[in-house]
Participant: 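One structure, as structure tokens, below. Some questions next.
Throughout, a chain's letter reflects where its sequence line sits, starting with A, and its residues are numbered from 1. Since this is a predicted model, take the numbers as computed values, not measurements.
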Number of protein chains: 2
Amino acid sequence: MSISGLREVVGQTATVRGWVTHIRSSGKVAFVVARDGSGVLQCVIAKNAVSAECWETFARLTVEASISVTGEIRADVRAPGGVEMGVSDLRLIGESPLDYPIQPKEHGIDFLLDHRHLWLRSRKQVAIARIRHEIEQAIHDFFYERGFVRVDTPILTAAIGERSGLFATEYFDEGNAYLAQTGQLYGEAAAAALGKIYTFGPTFRAEKSKTRRHLTEFWMIEPEVAWNDSEANMVLQEEFVSYIVRRALDRAANELVELERDTGALERVKPPFPRINYTDAVKTLQAKGSTIQWGDDMGAEDETLLVADYDLPIFVFNYPKEAKAFYMKENPDDPRTVLCNDCLGPEGYGEIIGGSQREDDYDRLLSRIKEEGLPLDAYGWYLDLRKYGTFTHAGFGLGLERTVAWICGLPHLRETIAFPRMMNRLRP
Amino acid sequence: MSISGLREVVGQTATVRGWVTHIRSSGKVAFVVARDGSGVLQCVIAKNAVSAECWETFARLTVEASISVTGEIRADVRAPGGVEMGVSDLRLIGESPLDYPIQPKEHGIDFLLDHRHLWLRSRKQVAIARIRHEIEQAIHDFFYERGFVRVDTPILTAAIGERSGLFATEYFDEGNAYLAQTGQLYGEAAAAALGKIYTFGPTFRAEKSKTRRHLTEFWMIEPEVAWNDSEANMVLQEEFVSYIVRRALDRAANELVELERDTGALERVKPPFPRINYTDAVKTLQAKGSTIQWGDDMGAEDETLLVADYDLPIFVFNYPKEAKAFYMKENPDDPRTVLCNDCLGPEGYGEIIGGSQREDDYDRLLSRIKEEGLPLDAYGWYLDLRKYGTFTHAGFGLGLERTVAWICGLPHLRETIAFPRMMNRLRP
């Protein structure tokens, strides 16, 4: 049975299969710590309580050997999981040579990433994986409970103009296909069919960027809601982010402890989030010594400077048109700007969400496509959404790895996903 | 508010925003049927009960125009959703020109796929999308309830040998990256870390195949379970498939009615599923006139012939080694075969799952990799899983689109996903 379930069988005999993480012996009593993915268990072997064969098996154990261990489950408040096992039988299933690459010492990050398939077994990595999982399920539950329909938008897409950072692949007689950087445009079409939708899938950026906040392959969640305006869009975002954080606190508490995460910072995350107009943000940043000028997009340094005043995620809204994508709706109160927002995580985690109300006016959208020099024929179907029953709508994209990094308190995205893909990292 | 929620406000006044699907008028009374993605609503406009402006607005409505309509919600057992609206106000939000491409007549499939962004709005397509969504959430819930950890395996992968049907893309200085055909090998590494895992993501096959059962981009769910053998693997599969089907029956009943699905065939889907040894299956097929010989993989025609005797999904297990992948565990009772199974849907839907116990013996796996001529250096990390604490494990891959097609009763996969990708289909 699984280690996580042993609490329920205190006083009974159970068999657990897993991998050895620690071994020590004091001559007559031996200790084996085993993990099975669900938890960690200390197994106590008294020499006089087991067969000679069993005691000899102990002597052959090494770190990461796989074992089957049987014994009585005893409550022990000091133990992780609250129980330990008094061993009656121990079997070695799969040996693990002494050259197991990951040793209890400092390894360089490249070494660890080269051995990612084994590094995943370490306690910290298991905790991160379980938190990511909890966040992912929370995301699905949030939308499911609210009547959103999940829509899987395509990864392989036709030419959408000479945008930079695209991975290309030959697609039969159709020319090149490009790996999607977003599912949003498809999500908008689906919102006209289904009302409230969200996507949940991998997206790709072929950018020669080596920062701690970029992966070439990362997962995005992109809701799109018919009849939502920019303000309703921000309300949805703050409810969404708060829900995810609450869920991690409630159901991944042990894992957050394992990561030594300051959960106080997460406990504060509740709606409403502070809202700062872009124009005000620029003034604040300038007063703090930034060189940002009105019209510039905000860089990572500016974001860090700005969030330093807050202990919640914040919204910066209504950026200048030139700094943002063509599909964002012009702000009727200040046509130099668009109805959009970024959501910046606290503690310096930077942008975790970008969202906007979409341009729903056919003629304005057509002008923007032409201004950007995008190929009209590739956007004909997208314009159709404004031609046939146009509708106010808004949506956003949440970067999953950035969200996991923030909730886990990790400085770099590379540990937030099982097999990270970076500019110089395609294996294992 | 959403049409699906109107049942709760009978007798009250509500405002709904959506799109016009039908219009008719008898001079003094007009009817507008509107959809909003959550449901369909009949709105009744009595000329003498509304303003002249409102009545004139009705005259300007066309199919797929977007509207806002306000009125009293009345119970009406004949109406879809059980309610209709007595209109007090009607506003036209977005016009829809009379050239709306999808008309109430037969369109060719290429025309419909060219207009997929609009075709998605039709009742049948909305029903399919909602059933797919329900199935997806059921999949997540099934694994979540059972303590599996979701793991997102990479789409961009390094050379894994000259396998056919791979999409390739240039990856910085690393040479080509290939789009994943499966996440399984990564899932095995994760199972050694987390015990029970599953993947849920897009996979890719660059095959020049135009059958109704193939897409170039399709979604797969791949659980991998430490300590499961082939028999436990089949038990998990039948529980999983039955859970999904039950969930669709329970929570997407209206959508199945919309598709005129014979739900009796789905009601029967409960464990256990019949299990047929490959060798017996070949004899049965030969007796039915098939030309299959022992050693051949089973084609779609053979599958159809075989399932005709059953009204449940069936397992065909322990195929010949040559017909299956290198990583499957040799069957100790018949080394010509491997410990694997396919799960074939009833009603001629063919393979929806392929699964196997994995080869956990280092030397045997090494031999198989060499026999297949696969590049050893690319599989070093995969062999490590057998070197350091090897473990019995098994898993399977469920094809999402095939499962949706079967549950919806669709003959072709192309309608099971929002924007299908086929050999000659990369747009919209």
Side-chain angles (χ1 to χ4, degrees), chain A residues 2 17 19 36-38 64-66 93-94 96-97 100 117-118 120-121 126 129-130 133 136-137 140 144 147 149-156 158 167-169 171-172 174 177 186 189-190 192-195 201-202 217 219 227 381 384 387-391 417-419 421 423 426-428, chain B residues 2 17 19 36-38 64-66 93-94 96 100 117-118 120-121 126 129-130 133 136-137 140 144 147 149-156 158 167-169 171-172 174 177 186 189-190 192-195 201-202 217 219 226-227 381 384 387-391 417-419 421 423 426-428:
Chain A
S2 73
R17 287 171 294 193
W19 291 263
D36 74 346
S38 81
E64 285 304 318
S66 53
I93 295 170
S96 179
Y100 185 71
H117 56 296
L118 302 174
L120 287 175
R121 302 178 179 192
V126 167
R130 297 185 75 89
H133 162 66
E136 294 193 329
Q137 186 70 19
H140 290 303
Y144 187 77
V149 177
R150 173 177 171 167
V151 174
D152 299 308
T153 52
I155 309 302
L156 295 166
F167 287 109
T169 185
Y171 196 86
F172 308 106
E174 303 285 314
Y186 297 97
L194 296 156
E217 177 180 327
W219 287 64
W227 314 112
W381 70 267
D384 274 356
K387 184 173 178 186
Y388 302 106
T390 193
F391 60 117
I417 187 165
F419 295 93
R421 294 296 182 246
M423 193 184 143
L426 186 60
R427 317 158 192 255
Chain B
S2 73
R17 287 171 294 192
W19 292 263
D36 74 347
S38 81
E64 285 304 320
S66 54
I93 296 171
S96 178
Y100 185 70
H117 56 295
L118 302 175
L120 288 174
R121 304 179 178 191
V126 167
R130 297 185 74 90
H133 163 65
E136 294 193 330
Q137 185 70 19
H140 291 302
Y144 187 78
V149 177
R150 175 179 171 165
V151 173
D152 298 308
T153 53
I155 309 302
L156 294 167
F167 286 110
T169 186
Y171 197 86
F172 307 108
E174 303 285 314
Y186 296 98
L194 297 157
E217 176 180 327
W219 287 64
W227 315 112
W381 70 266
D384 275 356
K387 184 174 178 186
Y388 302 107
T390 193
F391 60 117
I417 187 164
F419 294 93
R421 293 297 182 244
M423 193 183 142
L426 184 61
R427 314 158 194 257

Participant: Locate the shortest heavy-atom distance separating B:L156 from A:E217; write the atom from each residue and the value.
Facilitator: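 The pair with the smallest heavy-atom distance is N-OE1, 2.9 Å.
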Participant: Working to the nearest 0.5 Å, report the span between CG of A:L118 and NZ of B:K387.
Facilitator: 9.5 Å
Participant: Do you know which of A:A418, A:S38, A:A190, A:P97 has the most heavy-atom pairs with chain B at a distance under 4.5 angstrom?
Facilitator: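 Maximum pair count with chain B is reached by A:P97.
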Participant: Under 4.5 Å, counting heavy-atom pairs only, tell me which of A:G147, A:G195, A:A192, A:G94 racks up the most with chain B.
Facilitator: A:A192
Participant: With a 4.5 Å cut-off on heavy-atom pairs, point out which of B:R130, B:R121, B:R150 contacts chain A the most.
Facilitator: B:R150
Participant: Compare every heavy atom of A:R421 with every heavy atom of B:Y186, then report the nearest pair and how far apart it is.
Facilitator: OH-NH2, 3.4 Å
Participant: Non-hydrogen atoms of chain B under 4.5 Å away: do they reach the side chain of A:I417, the backbone, both or neither?
Facilitator: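 Side chain only.
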Participant: Counting only heavy atoms closer than 4.5 Å, note whether B:W381 contacts chain A via side chain, backbone, both or neither.
Facilitator: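 When you check distances to chain A, atoms from both the backbone and side chain of B:W381 fall under 4.5 Å.
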Participant: In terms of heavy-atom proximity below 4.5 Å to chain A, should B:P202 be classed as side chain, backbone, both, or neither?
Facilitator: side chain
Participant: Quick one, A:F167 and B:I155 - any side-chain contact, counting heavy atoms below 4.5 Å?
Facilitator: no
Participant: Answer with side chain, backbone, both or neither: which region of B:D152 has an atom nearer than 4.5 Å to a non-hydrogen atom of chain A?
Facilitator: both
Participant: Under 4.5 Å from any heavy atom of chain B, what part of A:V126 do you find: side chain, backbone, both or neither?
Facilitator: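 For A:V126, heavy atoms of backbone and side chain both lie under 4.5 Å from chain B.
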Participant: Examine whether an atom of A:W19 lies under 4.5 Å from a heavy atom of chain B, and if so say whether it belongs to the side chain, the backbone or both; otherwise answer neither.
Facilitator: side chain
Participant: Distance from B:W227 atom CH2 to A:R17 atom CZ, nearest 0.5 Å?
Facilitator: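 One finds 6.5 Å between CH2 of B:W227 and CZ of A:R17.
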Participant: Non-hydrogen atoms of chain A under 4.5 Å away: do they reach the side chain of B:S2, the backbone, both or neither?
Facilitator: neither
Participant: Need one label for B:A65: side chain, backbone, both or neither, based on atoms under 4.5 Å from any heavy atom in chain A.
Facilitator: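 The answer is the backbone of B:A65.
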Participant: At their closest point, which heavy atom of B:V149 faces which heavy atom of A:A129, and how far apart are they?
Facilitator: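 Nearest pair, atom of B:V149 first, then A:A129: CG1-O, 3.8 Å.
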Participant: Under a 4.5 Å heavy-atom cut-off, does chain B meet the side chain of A:A177, its backbone, both or neither?
Facilitator: both
Participant: Given that the side chain runs from C-beta out, which part of B:V151 has a heavy atom under 4.5 Å from chain A: side chain, backbone, both or neither?
Facilitator: side chain
